[in-house]
Q: 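Before anything else, here's the structure in question.
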Amino acid sequence: MQRILIVVALIILVLLLAHLISAWQFRQNAMTLVAKIETTGPVRMRQDLPEPVRAFNQRGLLGTDPAPGVIELTQVAEMELQPGQGWQGISARQVICTTSTGFVWQAWQSRGPLTMVRVIDAFTAGKGVLEVRLLGSIRVGHEAGVLADRSEAMRYLAELPWAPDAIALNRDVEWRVLESGEVEARLPMQPDDAVVRFSLDAQSDFAVMRANSRYAGMQDGAPVFKDWEGRFSDYAEIGGRRIPRRGEVGYVVDGKYQPYWRGHVIGLARE
């Protein structure tokens, strides 16, 4: 009996060690992705922004010069991956590059001392990746490849209202005003460009983001594409920038908007 208990204890120890190593490696992966963000590049403020974008950007910068490097956001948020499944609280930290196209979003859900779920969502060096791990170590979701590249590039564009410095400095992004009055942000890439559109509110702030045919994962062995929508509100000064402190995003299914993420920015730092 004692020998059995020793064997069981050793198995538990090995499993625990494997879990700790895997969780540590996942956190290291996030640090590696952040290191891949290219923060060098032109630091001159763009002079080619369409007037609605230029005016919005000036308000965001609060009269200061844009800063090369990265913006780091701290977020408190919640997610509902399937309608009716219930919203789950998460904490998140996001790094957004200001001179080139790149971001790394790390999110986690904790229960006391335990990390129940950890997520990395990123676009670095032209590549997109989304990975979800249970307990921080057991992979339960992973997306990468050409479709994920475009999907994550679209996310970078969609979240530019949170990064006034990137609007001012990132020359990869092409801006134009559409006949509808919406503002389009486009990132040329192969095989299809990443494109999102912004609607402005009465204060000329970016209020609604829309995009067509964003990759939303695989179903029955085939890629699924859905129209995508996000909303920004509660513009205020935080960390020396005027940004929307609240946002949400979701897919449009059968003509109905179904949010799956909503959050509150509680901190902004420039590095």
Side-chain angles (χ1 to χ4, degrees), residues 37-38 41-42 44-61 66-68 70-71 73 94-105 121-128 147-201 203-216 225-233 235 241-244 247-252 257 261 265:
I37 291 179
E38 180 56 66
R44 290 182 298 105
M45 191 165 179
R46 293 181 61 165
Q47 303 299 318
D48 60 343
L49 297 175
E51 180 55 28
V53 181
R54 187 202 66 78
F56 171 74
N57 191 226
Q58 283 293 314
R59 291 195 300 277
L61 292 171
V70 298
I71 285 177
L73 303 175
Q94 181 167 357
V95 174
I96 303 174
C97 186
T98 65
T99 55
S100 62
T101 305
F103 78 89
V104 177
W105 183 76
D121 200 4
F123 184 82
T124 61
K127 301 296 182 182
L147 297 178
D149 296 345
R150 178 175 176 269
S151 175
E152 299 300 349
M154 292 169 76
R155 174 171 177 172
Y156 176 88
L157 297 176
E159 295 178 343
L160 283 173
W162 279 330
D165 302 78
I167 295 176
L169 295 176
N170 187 352
R171 298 175 186 273
D172 296 341
V173 182
E174 299 176 355
W175 294 93
R176 66 169 179 152
V177 179
L178 305 177
E179 291 184 3
S180 64
E182 293 178 301
V183 172
E184 178 188 271
R186 177 183 296 267
L187 180 69
M189 58 191 306
Q190 295 295 330
D192 298 300
D193 292 349
V195 183
V196 305
R197 309 182 308 279
F198 295 98
S199 295
L200 280 61
D201 62 15
Q203 288 72 45
S204 298
D205 288 326
F206 289 9
V208 179
M209 179 282 302
R210 295 183 178 90
N212 300 122
S213 300
R214 184 178 188 248
Y215 173 62
F225 298 89
K226 297 179 181 179
D227 290 345
W228 194 43
E229 187 172 312
R231 299 173 183 178
F232 296 101
S233 61
Y235 276 81
R241 293 292 182 257
R242 178 181 180 273
I243 64 168
E248 67 175 49
V249 68
Y251 287 112
V252 179
Y257 169 64
W261 181 94
V265 176

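Side-chain atoms are counted along with the backbone in the values below, which use heavy atoms only and exclude waters and symmetry mates.
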Q: What I'd like to find out is whether the side chain of Pro244 reaches to under 4.5 Å of the side chain of Ser233, using heavy atoms alone.
A: no
Q: Do the side chain of Gln47 and the main chain of Met45 share a donor and acceptor less than 3.5 angstrom apart?
A: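 Present.
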Q: Kindly write out the residues that satisfy side chain to side chain donor-acceptor pair (under 3.5 Å) with Asn170, not counting sequence neighbours, or none if the list is empty.
A: Thr101, Tyr156
Q: Using a 4.5 Å cut-off on heavy atoms from C-beta on, say whether the side chain of Asp121 contacts that of Glu152.
A: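 Touching, per the 4.5 Å side-chain cut-off.
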Q: Would you compute the distance between atom CD of Glu51 and atom CG of Asn57 and round it to the nearest 0.5 angstrom?
A: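 Rounded to the nearest 0.5 Å, the CD-CG separation comes out at 11.0 Å.
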Q: For Arg231, enumerate each residue passing the side chain to side chain donor-acceptor pair (under 3.5 Å) test, keeping only those at least two apart in sequence or located in another chain.
A: Glu229
Q: Which pair of non-hydrogen atoms, one from Ala185 and one from Leu157, has the smallest distance, and what is that distance?
A: O-CD1, 3.5 Å
Q: For residues Ala166 and Leu160, report the shortest heavy-atom separation together with the two atoms involved.
A: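 What the structure gives for the nearest pair is CB-CD2, 3.7 Å.
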Q: List the steps and the verdict of side-chain contact (heavy atoms from CB on, under 4.5 Å) for Val104 and Phe123.
A: CA-CA 7 Å; Val104 177; Phe123 184 82; over 6 Å; no
Q: Determine, for Trp105 and Arg155, whether the Lys NZ or Arg CZ falls below 6.0 Å from the six-membered ring centre while staying within 45 degrees of the axis.
A: yes
Q: Answer yes or no: is there a side-chain heavy-atom contact under 4.5 Å between Leu61 and Arg241?
A: yes
Q: Quick one: side chain to side chain donor-acceptor pair (under 3.5 Å) partners of Gln190, sequence neighbours excluded?
A: none
Q: So how far is it from Ser180 OG to Arg210 CZ, rounded to the nearest 0.5 Å?
A: 9.0 Å
Q: Identify whether the distance between the nearest side-chain nitrogen and carboxylate oxygen of Asp193 and Arg150 falls below 4.0 Å.
A: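 Looking at Arg150 together with Asp193, the answer is no, because their closest N to O distance does not fall below 4.0 Å.
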Q: If you look at every heavy atom in Thr98 and Leu169, which pair is closest and at what distance?
A: O-CB, 3.3 Å
Q: Going by ring-ring contact (aromatic ring centres under 6.0 Å, His included), name the pairs with one or both residues in residues 166-196, residues two or more places apart or in two chains.
A: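 Applying ring-ring contact (aromatic ring centres under 6.0 Å, His included) to every pair that reaches into residues 166-196, excluding sequence neighbours, yields nothing.
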Q: Any salt bridge linking Asp205 with Arg59? Criterion: basic side-chain nitrogen under 4.0 Å from a carboxylate oxygen.
A: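 Judged by the 4.0 Å cut-off on N to carboxylate O distance, Asp205 and Arg59 do form a salt bridge.
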Q: Checking the side chain of Asp227 only, and the main-chain atoms of Ser213 only, is there a donor and an acceptor separated by less than 3.5 Å?
A: yes
Q: Would you call the rings of Phe232 and Phe198 parallel, tilted or perpendicular, where under 30° means parallel and over 60° means perpendicular?
A: tilted
Q: For residues Ala207 and Asp201, report the shortest heavy-atom separation together with the two atoms involved.
A: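 That would be CB-CB, 3.8 Å.
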Q: For Arg197, enumerate each residue passing the side chain to side chain donor-acceptor pair (under 3.5 Å) test, keeping only those at least two apart in sequence or located in another chain.
A: Glu182, Asn212
Q: Can you check whether Arg171 reaches Thr99 side chain to side chain, under 4.5 Å on heavy atoms?
A: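 Not touching, per the 4.5 Å side-chain cut-off.
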Q: Would you say that Phe56 contacts Ser204 through its side chain, given a criterion of any heavy-atom pair below 4.5 Å between the two side chains?
A: no
Q: Might you point out which heavy atoms bring Ala211 and Val196 nearest each other, and give the distance in Å?
A: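 Result for this residue pair: CB-CG1, 4.0 Å.
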Q: With a 4.5 Å limit on heavy-atom distance, are the side chains of Arg242 and Pro164 in contact?
A: no
Q: Would Tyr251 and Arg214 count as having a side-chain donor-acceptor pair, cut-off 3.5 Å?
A: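 Per modelled atom types, Tyr251 and Arg214 side chains form a pair under 3.5 Å.
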Q: Have Glu248 and Tyr257 got a donor and an acceptor in their side chains that come within less than 3.5 Å?
A: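 Tyr257 and Glu248 do have a side-chain donor-acceptor pair below 3.5 Å.
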Q: Looking at side-chain heavy atoms only, is the closest gap between Tyr235 and Phe206 below 4.5 Å?
A: yes
Q: For Ile71 and Ala163, which heavy atoms make the closest approach, and how far apart are they?
A: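 Where Ile71 meets Ala163 most closely, the heavy atoms are CD1-CA, 3.7 Å.
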Q: Using a 4.5 Å cut-off on heavy atoms from C-beta on, say whether the side chain of Met189 contacts that of Asp149.
A: yes
Q: If the condition is side-chain contact (heavy atoms from CB on, under 4.5 Å), which residues does Val249 pass it with, not counting sequence neighbours?
A: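 So Val249 forms a side-chain contact (heavy atoms from CB on, under 4.5 Å) with Met209, Trp228, Tyr260, Trp261.
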Q: In Å and rounded to the nearest 0.5 Å, what is the CD to CG distance from Gln94 to Leu73?
A: 5.5 Å
